[in-house]
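Here the structure comes first, spelled out in structure tokens, and everything after it is commentary.
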Protein chains: 2
Amino acid sequence: MAGRRSAQDALTTRDSILRTAADIATVDGLEGVTIGRLATDLGMSKSGVIGQFGSKEELQLATLERLLGTFRERVWDPVQHLEPGLPRLLAICESWADYEGHPEFEGGCGVAQVSFEFDGRPGRVHDALAAALKRWRRTLVADITTAVEAGDLPADTDPQQVAFSLDALASGMNTARLLHGDTDSGSWALAAMHAVLGIDRAPARS
Amino acid sequence: MAGRRSAQDALTTRDSILRTAADIATVDGLEGVTIGRLATDLGMSKSGVIGQFGSKEELQLATLERLLGTFRERVWDPVQHLEPGLPRLLAICESWADYEGHPEFEGGCGVAQVSFEFDGRPGRVHDALAAALKRWRRTLVADITTAVEAGDLPADTDPQQVAFSLDALASGMNTARLLHGDTDSGSWALAAMHAVLGIDRAPARS
DNA sequence: CCTACCGATCGGTAGG
DNA sequence: CCTACCGATCGGTAGG
């Protein structure tokens, strides 16, 4: 059983490492993902863990990719096919709020977690994160702009300002849930998103 | 010069340690505040650093108190005397946005940073943080409720929802500035705060 | 507040 | 992917 494994096995190993790493990162951050801890949790040797990636930084980058992939699967993929503009934008808000409210990982959305961890640090993790978030913001700005042009949002809407606000409100759900125990943060964030979009609240269902 | 110092000197030393610790924490988090790093930065011995606090956890708690104190000085103290309700609430939004836009520390607001770092972890730092943020949220909810009762905010306002939203928008400025290079995040956040309060935007000054 | 030290853990390598 | 290591750093203590 010992010794080198096939490329297929290596892929499975890599995947299980990254799944564990992602889980750890959402609670303790990407710096909390230590090689020794992964080895212990997975019943592997340290060299077996790091050998898959080469260095801690590569491991962090791969873990970040994993977190970004999960975000995309849960928030973007389900609504991507919808009509650009307000329809898709509203669907994004819903899937986003739903994701943060029912997170895949223990510590919530890893992207929000890592954003705060690496926003002020130099290095490749920071750069990869910034690039991914810039792409996401461009996506938001595009749909907001389309919605304004279609007359579905107020003409004086500032797309950058709205995109920033949606992002901030989504990120805040993490902390609200874990620090205040707020179970309603999903609907709170969604309501606030509608407010910054300049859309009337849905009628009360009581 | 060597040997024990007076109680006064010890206070000065403690203060300089905490100032450096607070600066580090806003960039690298409270876990990045290591005893060895503080000793090097301050030209002290490790035992000289930790001797002031007893343990890393006490050092983290003291650093958190420092960050909370700065937040209070910059956001709450300048507006505390104002009339409770909408007047003070709007002033809070402005000092809050101004603080996050012109932060005292390199990495921005330490409270937001530590919130994300410790929201999912157990321990005394988490508990102290949660207690302080709950107090802050109660302050916000009180002024929101007063404003609603005075008829200055819509009658169907949900104070908890609005308090959550203000918090999220303020926290988001950190990441926007450091990750996207947004220099307008202060005015963006303020505009979004007004939106979630259900207040019309100020007329454009162009 | 210093020197000198402790065991534990960090990221990482050699060699198989 | 393992064993066996490496130097560096971690939090912390003894003793002055």
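FYI, side chains are in, hydrogens and waters are out, and symmetry mates aren't considered; it's all heavy atoms of this structure. Letters go in sequence order (proteins before strands), and every chain restarts at 1.
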Legend entry - Listed partners of A/Ala91 passing side-chain contact (heavy atoms from CB on, under 4.5 Å), at least two apart: A/Val79, A/Leu82
Inset, instruction - Would you kindly check whether a donor in the side chain of B/Ser47 faces an acceptor in the base of C/dC2, or vice versa, at under 3.5 angstrom? - result: yes
Inset, instruction - Select base, sugar-phosphate, or nothing to describe what A/Gly51 touches, counting heavy atoms under 4.0 Å on all strands. - result: nothing
Legend entry - Nearest-neighbour nucleotide for the B/Ile35 side chain, C/dC2, D/dG12, D/dC2 considered: D/dG12
Inset, instruction - Quick one: sort the B/Phe116 and A/Phe116 rings into parallel, tilted or perpendicular, breaks at 30° and 60°. - result: parallel
Inset, instruction - Find the distance B/Glu57:CD to D/dG12:C1' and express it as a whole number of Å. - result: 14 Å
Inset, instruction - Could you tell me whether the phosphate oxygens of C/dC1, OP1 or OP2, come under 4.0 Å of any side-chain nitrogen or oxygen in B/Thr13? - result: yes
Legend entry - Position toward the 5' end of DNA chain C (nearest nucleotide), A/Ile50 or A/Arg37: A/Arg37
Inset, instruction - Specify the separation, in whole Å, of atom CD1 of A/Ile17 and atom P of C/dG11. - result: 14 Å
Legend entry - Output field: ring centroids B/Trp96/B/Trp136 closer than 6.0 Å: yes
Inset, instruction - Among A/Asp143, A/Thr145, A/Thr146, find the residue that satisfies the side chain to side chain contact (heavy atoms under 4.5 Å, CB included) test when tested with A/Pro159. - result: A/Thr145
Legend entry - Residue-phosphate contact under 4.0 Å: A/Thr34 side-chain N/O, C/dC10 OP1/OP2: yes
Legend entry - Salt-bridge criterion met for A/Arg66 and A/Asp15 (N-O under 4.0 Å): yes
Inset, instruction - Would you mind telling me which of D/dC1, D/dC2, C/dG12 lies closest to the side-chain atoms of A/Ser45? - result: D/dC2
Legend entry - Passing candidate, salt bridge (Lys or Arg N to Asp or Glu O under 4.0 Å) with B/Arg74, options B/Glu100, B/Glu94, B/Glu104: B/Glu104
Inset, instruction - Stems involving DNA chain C: give each as a range paired with a range, ordered by first number, where a stem means at least three consecutive Watson-Crick or G-U wobble pairs under 3.5 Å. - result: C:1-16 with D:1-16
Legend entry - Side chain of B/Lys46 - closest among D/dG12, C/dA14, C/dC10: D/dG12
